[in-house]
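Data first, discussion second: the structure below is written as structure tokens.
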Amino acid sequence: MITADPKGVLTGAHFIDGDQACTEGCLAAGARFAAGYPITPSTEVVERFARRIPTVGGRFIQMEDELASSIAILGAVWGGAKAFTVTSGPGFSLMMEHLGLAVMTETPCVIVNVQRGGPSTGLPTLPGQADMMQARWGSHGDYEIIALSPQSPQECFDLSITAFNLSEQFRVPVLFMMDEVVGHMTEKVIIPPAEEIEIYPRRLTVKPPEEYLPYAVDGDLVPEMVHAGMGYRFHITGLTHDERGYPAMNPEAQDKLIRRLKDKILENADRIITLEEEGLDSADVVVVSYGITARVAQRAIELARAKGLKVGKLRLVTVWPFPEQKIRDLAGRVRAFVVPELNLGQIVREVERCAAGQARVISVPHAGGSVHRPEQILERIEEAAK
Amino acid sequence: MITADPKGVLTGAHFIDGDQACTEGCLAAGARFAAGYPITPSTEVVERFARRIPTVGGRFIQMEDELASSIAILGAVWGGAKAFTVTSGPGFSLMMEHLGLAVMTETPCVIVNVQRGGPSTGLPTLPGQADMMQARWGSHGDYEIIALSPQSPQECFDLSITAFNLSEQFRVPVLFMMDEVVGHMTEKVIIPPAEEIEIYPRRLTVKPPEEYLPYAVDGDLVPEMVHAGMGYRFHITGLTHDERGYPAMNPEAQDKLIRRLKDKILENADRIITLEEEGLDSADVVVVSYGITARVAQRAIELARAKGLKVGKLRLVTVWPFPEQKIRDLAGRVRAFVVPELNLGQIVREVERCAAGQARVISVPHAGGSVHRPEQILERIEEAAK
Amino acid sequence: MALTELRVAGFGGQGVILAGMIIGKAASIFENGYATLTQSFGPEARGSACSAQLVLSDEPVLYPYITQPHILIAMSQDAYNKFATDVRPGGIVLIEEELVRVSEIPPGVKICGIPATRLAEQIGKRLVLNIVMVGFFGAVTKLIDREALRKAVADSVPPGTTEMNLQAFDRGYEYGLESRCAEQLPESLPVERGLEGQFAGSES
Amino acid sequence: MALTELRVAGFGGQGVILAGMIIGKAASIFENGYATLTQSFGPEARGSACSAQLVLSDEPVLYPYITQPHILIAMSQDAYNKFATDVRPGGIVLIEEELVRVSEIPPGVKICGIPATRLAEQIGKRLVLNIVMVGFFGAVTKLIDREALRKAVADSVPPGTTEMNLQAFDRGYEYGLESRCAEQLPESLPVERGLEGQFAGSES
Amino acid sequence: MPKGTVTIIAERCKGCGFCVEFCPTKVLELSTAFNSKGYHPPHVVAPEKCSGCDLCGMYCPDFAIYGVKNGNASSGEDKKNK
Amino acid sequence: MPKGTVTIIAERCKGCGFCVEFCPTKVLELSTAFNSKGYHPPHVVAPEKCSGCDLCGMYCPDFAIYGVKNGNASSGEDKKNK
Amino acid sequence: MATTTCEIAPANPVEQFLRTDRIPHIWCPGCGIGTSVNCFTRALIELDADLDKIAVVSGIGCSGRVAGYLKLDSFHTTHGRAIPFATGLKLARPELTVVVYSGDGDLFAIGGNHFIHAARRNIDLKVICINNFIYGMTGGQVAPTTPVSAIATTTPFGSFEPPFNLPQLAEAAGATFVARWTTYHVRQLTRTIKEMLKRKGFSFIEVLSPCPTLFQRRNKQGDGLAAMKMYKQLSKTRNGAPTAETAIEQGKPIIVGKFVDIERPSYLGSMEQMLSSRLGDRYVHVENLEWH
Amino acid sequence: MATTTCEIAPANPVEQFLRTDRIPHIWCPGCGIGTSVNCFTRALIELDADLDKIAVVSGIGCSGRVAGYLKLDSFHTTHGRAIPFATGLKLARPELTVVVYSGDGDLFAIGGNHFIHAARRNIDLKVICINNFIYGMTGGQVAPTTPVSAIATTTPFGSFEPPFNLPQLAEAAGATFVARWTTYHVRQLTRTIKEMLKRKGFSFIEVLSPCPTLFQRRNKQGDGLAAMKMYKQLSKTRNGAPTAETAIEQGKPIIVGKFVDIERPSYLGSMEQMLSSRLGDRYVHVENLEWH
Ligand SMILES: Cc1ncc(C[n+]2csc(CCOP(=O)(O)OP(=O)(O)O)c2C)c(N)n1
Ligand SMILES: Cc1ncc(C[n+]2csc(CCOP(=O)(O)OP(=O)(O)O)c2C)c(N)n1
Ligand code: SF4
Ligand code: SF4
Ligand code: SF4
Ligand code: SF4
Ligand code: SF4
Ligand code: SF4
Ligand SMILES: [Mg+2]
Ligand SMILES: [Mg+2]
């Protein structure tokens, strides 16, 4: 770990919304390139970046569409930058091909999705959390990604740094899954001094070109990178490839590559996953939630506790990789999980799968466009506690 | 149900591959418009369509990309045609936004995905089944679709007709999830006479324009359609909308619409789902499979039975909606499910979820690029039977 | 301050969100409290209903939404109609009195009016009506220190417009200090009826 | 016919798949059996390794892949090297004898060679070498009726080329009827060695 | 009787002033009053000058005004419009 | 000694004939023999005419032939190429 | 009296074309989109067009909302994809007159590829592009039409990307009818729309239109009315001007007029001709692909 | 002797640029792509270019495989997206000379939008488009360059879509350097590539190239050699020809040459200029955005 480049760090207290806090987080993390295409409710992130970056030292380009912005950042990363793009549902759908390319070429980058109501054009100005499964499954083929879900402007700042760090550490695109409420909610955000911000450095090789194999790995399954212009004359392709990065059109190469891409995430899941846990030890009922819904759920939990119920809280700061083991462990000792989401039941399916019949799993769906009323969640907690 | 238009039906025995059989199925189903963009291993479907359609009476256009082809078909449907498009992984990823538009506007259409090895450019000429979760979750927002998985050229013909029928019946895009093996495998395909082919007619309204509400529904939750040029002067939008089809930017409209879009599929799941079952009654172990893998699994099942094991077969002809109830029922009475797939474990997650700890669930993953060796599956069956 | 819920509402173009921002910033940056501001607006850039919700508190705000606001600032008729009945008993409704005709007041709620648009126009820019409203709010509620509010105004408006905005703030504040608020249907407030007359004229 | 596994292999541009198609069609449409043809080829349109696998049977074919073919038709050296050792004992390998140097024959496997490319060139079009091969296959294996194969050829080639293709088929068939097949390393087959000589010449 | 009649739907008006500016005979002026959205709609100051040219109608982005030539009341009615 | 030398890498050749056709001095002809891919590579029929112009090399899509001017053997060696 | 109340007034000519239950619309005071709609509807009136056979397809954006306000068969599709949707619609149902009505960002940023390909193919679409030099709907970001040095939210210090010259791009791609007017030119625009609706082939009208909220005001050009006056003052009609000379540049007149109007077989015409010439009697022509 | 064996031969000039462990390549006999690669590599030799600072970006297609064979920093991206990838690369690391090497389908069908926008912005990219009039990689489907009435697998009865005139489209979009040669013109092509590599701004060379397997043969134009002879015979060099006159049409000469070569500030130059003029000292210029 190194510390942040002070040029990007706007140390101090700010009353800003989640979108803007996200921009500041990316800047603090060292992002000096962003390519974007406007879409409500995410545009403020790149608007602020466009305003800030010329005085920090970097570049922003508004591309012609999301296809372009999602691959321009990959070009920038191979050119040496830390880079990200920002979008919402419809644009996220358009980025799916390049999410796959980033996975396949192991290009560290961050894609921010400020979720709105879907499907299709849906509710452009209103919140949703219905792209959570898309984040995991939206591109063709098998892969694993990392997805984080902030619950406040402060976390939009803090976790976008985490997103970049994970992305560099595991050479994987990290999806920063905000939602319209968090994105447009304004609160105090404290930005610490640069020297208090830890940055995971790019894993550049120290090997000379003759010895360097772009996709050879050691212990933690993550290969070392080089940048264009460094004299390595390397090749990168979205085709299945061997350790040299050359196309290898056979099932053996496929098996080796694709499994490693999954394993580097799954085998490191413990190092990746962050959870916020509270009152789990004595809980009868555990509320599993993420993003803005976690704050609504918190209120419901307090109401339930006030009624004497033993309710625990498990907030998924990291949504993907899914904390399978945690759920399995809890399932053996709690009565039920209650899973409120701003969708008709997405992450609850994972909870259900991992609970494996050991505990009841109760979905508290919501079609989006607003958040739950705490009472809606409370009701289901009460039902679960019965 | 009506019978097929004989103009599109090439009655007789043919030695053709799955791609070509799919074309013939679409033609028999009444498709008179296709828009496509070439991509291996799916291109033969539209190549054949381009050759056939001028003498059948219809139109084909090769669009500039998959974004275009996937929405041109929606335009054609609203103009009155039955229409489809065809692609493979990378193109499928590009179609995700318009899959959502089709869901939202309830536009009946068929999207064929001849799956190859992924992610990214992957293995263009080799098989995979790793877009199965993408089929369900690849577009932003909440929705349900229907996905079918044929196992032979004959089924490429038969089920593409089913795909169109379901699409018309439920006004939902139907995903026809082939794979490279099935697509490029050549076998005898028997095309029956037109009068033996049943076609679900478009649900056009008989109401006069004054009384017609584009998105009002009755019992089965599917609204009636009109075509442009019929005098209804209707409006269609990808925004959340009310019964008039007008944008309605509030959570109530969202709730009503999005739930109905899910419910029309889920509440009709029994009418939609087709399964091939064999030996389930007495089975200890059930092999759950689909597409080409089902044929490989069949061989493994036979080998296992030869060893005296009680193995049942559940082939998912319909993969989505997932046959939850069937798995739940079986889970109570079998020892284990064995789920071979040409991916690192996708549909097995659904099996796991629905089995809810009542039976063991054993994944037989394969990264793609070829099919399983039957012995690989056999081994896991044996393990499961222990 | 104790947890206070506040809503600012009007139509797009009136600077509703900025008004909320300034109040929130004053409370959380220039005083040492916490504020959570959420917003809702229509799909378009301008013209439709728009509102900002603020939760002000001494402690970090958990649940970011308001349920029953203590204070409503209503800058349009639509806003008033939609939100006035939600205000909790004992609360206050601040209105742009030339744009809002007060049809019904929830029991126990005080109504205070200001011709903010007209005052803003007098200052020279109709656009500053929101800042006039913020000043008015400051004076009527005394929830937040005047100086904190002023600093927040200065910190939130485009450079070059600071002076005009501070003037607008002060104008609203002064007006607020002098104004009387009503607790029942104020027959006397010269709202829509007047307009009707004028339009009838223009259409006849 | 009993379940028979067959592989046709060569490089792209040799019409490998079409050869397989014709055999499959003959078996499943023009005789009353079943055939499943699967194919594998490289990413490019032409030039790299390419093979077709056929399972022929009297009953519907379940498992579509071959495991150990009874018959291999090898039209390039690569194809031979890659696939010859898989052929099951008692099986047959048919080779394009000017392109394949037989390095090793699996025990109990018969090798039959034909200069298909040269024969095709004699007929006038190098491209029909695959049809020559099909004819050769028909004569050597007698697995499928000659007429069924001829019909399948006629039914599978572009209109206008039927005659040339049938001629190619017949040429291959006749050659096959006359040819002797070897069951051991055929020192006498004039393969790569000869070429080497020629290239040496051209490079010196 | 003037040659034309102009109709104003004040509640739709957003006070852009296009009609006032581009009326060739200067029939209109913006009023100082607000409508319920807070805009100043136009009012007629010189009715006698109205030619019914409907330029105001063509300019009005809010479909809030239109002119018709007198004695031509049903023009523009589309028979096919059900 | 002729002015140039042409080198043929027969195993790479796909017999397209570009080199033969566009050699300005007609140094080459396609041979009748096959290489192991089944193509007919060129061979040199008039070595004395070769100017080493490398047009054959510029045309050859398969990097299978090239000409160099005699006494110029290391031209084209790139110092930076590690 | 020269004015009347609504009730007894002769109908507002645009009224029959509106989904009046959706009015007031969302457009800002002084936005030019509504003005263009007036021209479009007047053109339909003057043509006495069969309104059942006219379809409007929009993408996403303020301009893209036109489809939603017009009481015609109308489609509000996805951002940038109005043209391929319209292509499918037209090919399935050639009897329809298919109008694509959308914004500069929609048609030329994300949608640029579809535009040039439809122009190349000469698909019989009538494209009306509201060019307000900005992304309106999303709050004023730079568009591929934004003039150099203009302020947009994503070019807060002035845009440094040269904009497209849309008529030139359209012509180079293959459009057979290319015109430009501003919302000041209501009569000319109406006339050109009429012409376009009557002809066959890919047709394109660029309509320069004020976006006071996000373009004019931010660039200190005043309100919508100020923009209209500026159009009036700066425009120079040059019918038939070479499109290479129609770039909109600071300090130069805005060239308006009809620039291109040539005949070339439309896509469907070419298809018909090629297939029937190559297939003869085997070619089966069907007009509308209506499915029953 | 005039010929030598490999071992003792002076190095094949192209060899140093090849990933020789990947040769033989996948291209067909008589395919022109390899010929264009020769020209590109000769241009690099003649320029004595620093090969560590040249990056090649390709999309997907036969032509798109160029990146994979060149021993330079090379990127094989997704279909149609080489240009936006290259844009990101160039903007992050301006020191690189970024060459986009791809096919007509890749750059102008699916990738058309990126092309016109990069041209508009005058991003300093050097685009080499192998135009073989067809989609090679996927087996011969119609491309936006396919001549009318040519047979492709998706136009089995003859294409009826007019192709783009690529130089005209490029110029209309804003390209500052536009040229066309065929693979017959190896010397001219080499020279023009050299010129392009030396200049700044969005540059485009169209290289007409045989695809014997899927275009020539299907259209009864013989093999690659026949195509080369045809190019030789039909080409007419007209440097500076107006791009409106460079359409490739049946029965007319193929116009080749350098058509456009103008100066316009590049995207990065304009950015630099605008930001420093508006922000003065506050603007922080960094050349490469290298992250350590
Ligand atoms: C895929 C996608 N990306 C982005 C958006 C957000 N978006 C909506 S409208 C718009 C731009 C509209 O600009 P323009 O077409 O010029 O229309 P205007 O609002 O200016 O009339 C954008 C970027 C979207 N809806 N979908
Ligand atoms: C998204 C996507 N769509 C389609 C394809 C399939 N595809 C690969 S290459 C290609 C066309 C190549 O044509 P061109 O660019 O002209 O290259 P050529 O092969 O002719 O050199 C297509 C359609 C793909 N890889 N990705
Ligand atoms: S043009 Fe319309 S909106 Fe504008 S002032 Fe006149 S009536 Fe009002
Ligand atoms: S109809 Fe013509 S003259 Fe009458 S008010 Fe309108 S613009 Fe003026
Ligand atoms: S140009 Fe090259 S590939 Fe072609 S014949 Fe000559 S050596 Fe062989
Ligand atoms: S180097 Fe020149 S002269 Fe020599 S063979 Fe090659 S082309 Fe002919
Ligand atoms: S933002 Fe601009 S384009 Fe959109 S409605 Fe307002 S003025 Fe019109
Ligand atoms: S298919 Fe065409 S473009 Fe591709 S390698 Fe072969 S000849 Fe070249
Ligand atoms: Mg716009
Ligand atoms: Mg091509």
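Chain letters run A, B, ... following the sequence lines, proteins first and then strands; every chain starts at 1.
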Self-check item: Residue pair Leu55(F) / Arg187(H), side-chain heavy-atom distance below 4.5 Å
Solution: yes
Quiz item: Which answer fits Thr20(H), side chain, backbone, both or neither, if we ask what part of it has an atom under 4.5 Å from a heavy atom of chain F?
Solution: side chain
Quiz item: Would you call Arg42(H) and Asp54(F) a side-chain contact if the rule is heavy atoms closer than 4.5 Å?
Solution: yes
Self-check item: Distance, nearest 0.5 Å, that separates NE2 of His25(H) from NZ of Lys14(F)
Solution: 4.5 Å
Practice problem: Would you mind checking which part of Ile23(H) comes under 4.5 Å of any heavy atom in chain F, side chain (CB onward), backbone (N, CA, C, O), both or neither? | Solution: side chain
Exercise. Against chain H, label Cys19(F) side chain, backbone, both or neither, depending on which of its atoms sit under 4.5 Å from a heavy atom there.
Key: neither
Self-check item: CZ on Phe22(F) to NZ on Lys229(H), rounded to 0.5 Å
Solution: 7.5 Å
Quiz item: With respect to chain F, which residue among Pro210(H), Gly32(H), Gly34(H) yields the maximal number of heavy-atom pairs within a distance under 4.5 Å?
Solution: Gly34(H)
Quiz item: Which distance, rounded to the nearest 0.5 Å, do you find between the OH of Tyr59(F) and the CE of Met228(H)?
Solution: 5.5 Å
Exercise. Can you tell which part of Val186(H) gets under 4.5 Å to a heavy atom of chain F, answering side chain, backbone, both or neither?
Key: both
Quiz item: What residue, out of Asn38(H), Leu18(H), Thr41(H), has the most heavy-atom pairs lying under 4.5 Å from chain F?
Solution: Asn38(H)
Self-check item: Structural part of Ser36(H) lying under 4.5 Å from a heavy atom of chain F
Solution: neither
Exercise. Among the options Gly15(F), Gly17(F), Cys13(F), Pro61(F), pick out the one with the most heavy-atom pairs lying under 4.5 Å from chain H.
Key: Pro61(F)
Exercise. Quick one: pull up CD1 in Ile33(H) and CG in Asp62(F) and give me the separation to the nearest 0.5 Å.
Key: 11.0 Å
Quiz item: Under 6.0 Å between the ring centres of Tyr69(H) and Phe63(F)?
Solution: no
